[in-house]
Amino acid sequence: MPIADSDGTSLYYERHGSGPAILFVHGSGGNHAAWWQQVAGLREQFTVVTMDLRGFGKSDSSMPEFDGQDFPGDVVAVLDAEDLTDVMLVGQSIGSVAALRAALLRPDRVSSVALGHSLGGISHPELRELAAADRAEAVKLPVIDRLLTKEFQRDSADRTFLFQQMGTFNVARMQDLRNLDTDGPSLDDIQKSGVKVAFLAGERDAVLSVRTVTRAHELLPGSHLEIVPGAPHSMYWETPEPYNAAVARLRRTLTAPKEAA
């Protein structure tokens, strides 16, 4: 069973397929198994790596408390364990924050980042204000309605139940991770790194609006924007086919080598 070491913390991960590498970083309710539809859909074209951050899934969860600031190092540990380069990191929600920070730590291994349903913890006053307004609306909804559409919950009760069960395999909780985006990178930090950034969002995301994501794209020169029609916050789960197609498109679009420093 593949295990990476992150400063003494054991991290579980899996590697599937072959080709250009994509590493998926789960959100607060997920773990490596949440990406089952992405592994099956993308492993014939790409090397697909999934992992459990500390406190999640099969990774070490024995620590008395969890610090989200450790997550970027967890991602880097998996990259190092597999000696991966020219990787696209794909984050989901808070996983995007860890993914972007990991990319900035190791641009020698990471060529691009797709920020799924997240601004990646970017430090910018206008974006902070827009995201806060989105959250104020989101908290008015039941948690499940923030993540999946009501139609999906009605028509796919089995997959909705499985989605809810995924979080029961985790010890860390969202309240443990609030400091993850403290002291986030600036737009200038990202540009100087040479890492390419794509914003990947669903048209019906109830947590982070398309308007906010589009504004982030406008403020970050050279960034890419992918909006999946009809998709909710957890579109990797509810609408895997268009989500996978968007990820594959970004992997191919952002694969051009960076200029030498």
Side-chain angles (χ1 to χ4, degrees), residues 1-16 22-40 48-79 81 89-102 115-118 120-121 135 138-139 141-148 152-153 156 158-182 205-208 232-238 240 243:
M1 150 171 107
I3 296 292
D5 179 86
S6 180
D7 291 328
T9 297
S10 297
L11 305 171
Y12 178 83
Y13 71 94
E14 295 182 359
R15 179 172 179 164
H16 304 271
I22 303 172
L23 190 157
F24 288 94
V25 187
H26 62 76
S28 62
N31 50 57
H32 75 278
W35 304 107
W36 58 286
Q37 297 175 102
Q38 283 63 60
V39 172
V48 180
V49 181
T50 60
M51 64 173 293
D52 291 332
L53 297 167
R54 64 183 65 203
F56 291 83
K58 299 169 73 172
S59 286
D60 187 0
S61 303
S62 62
M63 53 283 295
E65 59 183 6
F66 302 95
D67 186 346
Q69 295 283 331
D70 293 326
F71 290 168
D74 291 349
V75 177
V76 169
V78 173
L79 293 171
L89 301 181
V90 179
Q92 167 63 21
S93 198
I94 67 160
S96 292
V97 183
L100 180 57
R101 290 196 174 203
L115 303 177
H117 306 285
S118 172
R135 282 195 299 271
V139 297
L141 300 172
V143 173
I144 191 65
D145 290 346
R146 302 175 206 170
L147 307 177
L148 301 172
F152 181 83
Q153 295 175 55
S156 300
D158 50 355
R159 288 170 65 201
T160 299
F161 178 72
L162 181 58
F163 177 83
Q164 293 172 302
Q165 292 297 102
M166 291 297 298
T168 66
F169 295 93
N170 305 327
V171 175
R173 294 289 180 262
M174 187 64 189
Q175 55 266 32
D176 299 318
L177 315 176
R178 294 296 182 185
N179 71 332
L180 180 57
D181 61 357
T182 301
D205 190 342
V207 178
L208 189 68
H233 187 72
S234 296
M235 65 179 174
Y236 70 98
W237 189 278
E238 180 170 332
Y243 175 86

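Worth knowing before you read on, the calculation uses all heavy atoms, side chains too, and leaves out hydrogens, waters and symmetry mates.
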Nearest 0.5 Å, what's the [atom1]-[atom2] distance between [X] and [Y]?
X	Y	atom1	atom2	result
Ile94	Ser28	CD1	OG	5.0 Å
Asp205	Ser234	CG	OG	8.5 Å
Ile22	Thr50	CD1	OG1	12.0 Å
Leu147	Gln164	CG	CD	9.0 Å

Please tell me if the side chains of [X] and [Y] come closer than 4.5 Å, counting only heavy atoms from C-beta onward.
X	Y	value
Met51	Leu23	yes
Leu53	Val25	yes
Leu11	Tyr13	no
Val78	Val49	yes

*What is the ring orientation for Phe56 with Phe71, classed by angle as parallel under 30°, tilted 30 to 60°, or perpendicular over 60°?*
perpendicular
*Is the side chain of His26 donor-acceptor paired with the backbone N or O of Gln92 at a distance under 3.5 Å, no angle test?*
no
*Would you say Gln38's side chain and Val48's backbone share a donor-acceptor pair under 3.5 angstrom?*
no
*asked:* For Asp7, I'd like to know if atom CG has over 12 heavy atoms of other residues, nucleotides or ligands within 6.0 Å.
replied: no
*Sequence neighbours excluded, which residues qualify as ring pair (Phe, Tyr, Trp, His ring centres under 6.0 Å) partners of Phe163?*
Trp237
*Residues in ring pair (Phe, Tyr, Trp, His ring centres under 6.0 Å) contact with Tyr243, at least two apart in sequence or another chain*: none
Of all heavy-atom pairs between [X] and [Y], which one has the smallest distance, and what is that distance?
X	Y	answer
Phe66	Met63	CE2-SD, 3.2 Å
Met166	Ala34	CE-N, 3.3 Å
Ser6	Ala77	CB-CB, 3.8 Å

Only counting residues at least two apart or in another chain, list the ones meeting side chain to side chain donor-acceptor pair (under 3.5 Å) with [X].
X	value
Asn31	Asn170
Thr9	Arg54
Arg15	Glu82
Ser59	none

Who are the side-chain contact (heavy atoms from CB on, under 4.5 Å) partners of [X], not counting sequence neighbours?
X	answer
Asp145	Leu141, Pro142, Lys150, Gln153
Ser96	Leu115, Ser118
Ala138	Arg146

_Tell me every residue that passes salt bridge (Lys or Arg N to Asp or Glu O under 4.0 Å) with Asp52, counting only those two or more places apart in sequence or in another chain._
none
*Between the side chains of Tyr236 and Glu238, does any donor sit under 3.5 Å from an acceptor?*
no
*Does Tyr12 have its ring centroid less than 6.0 Å away from the ring centroid of His32?*
yes
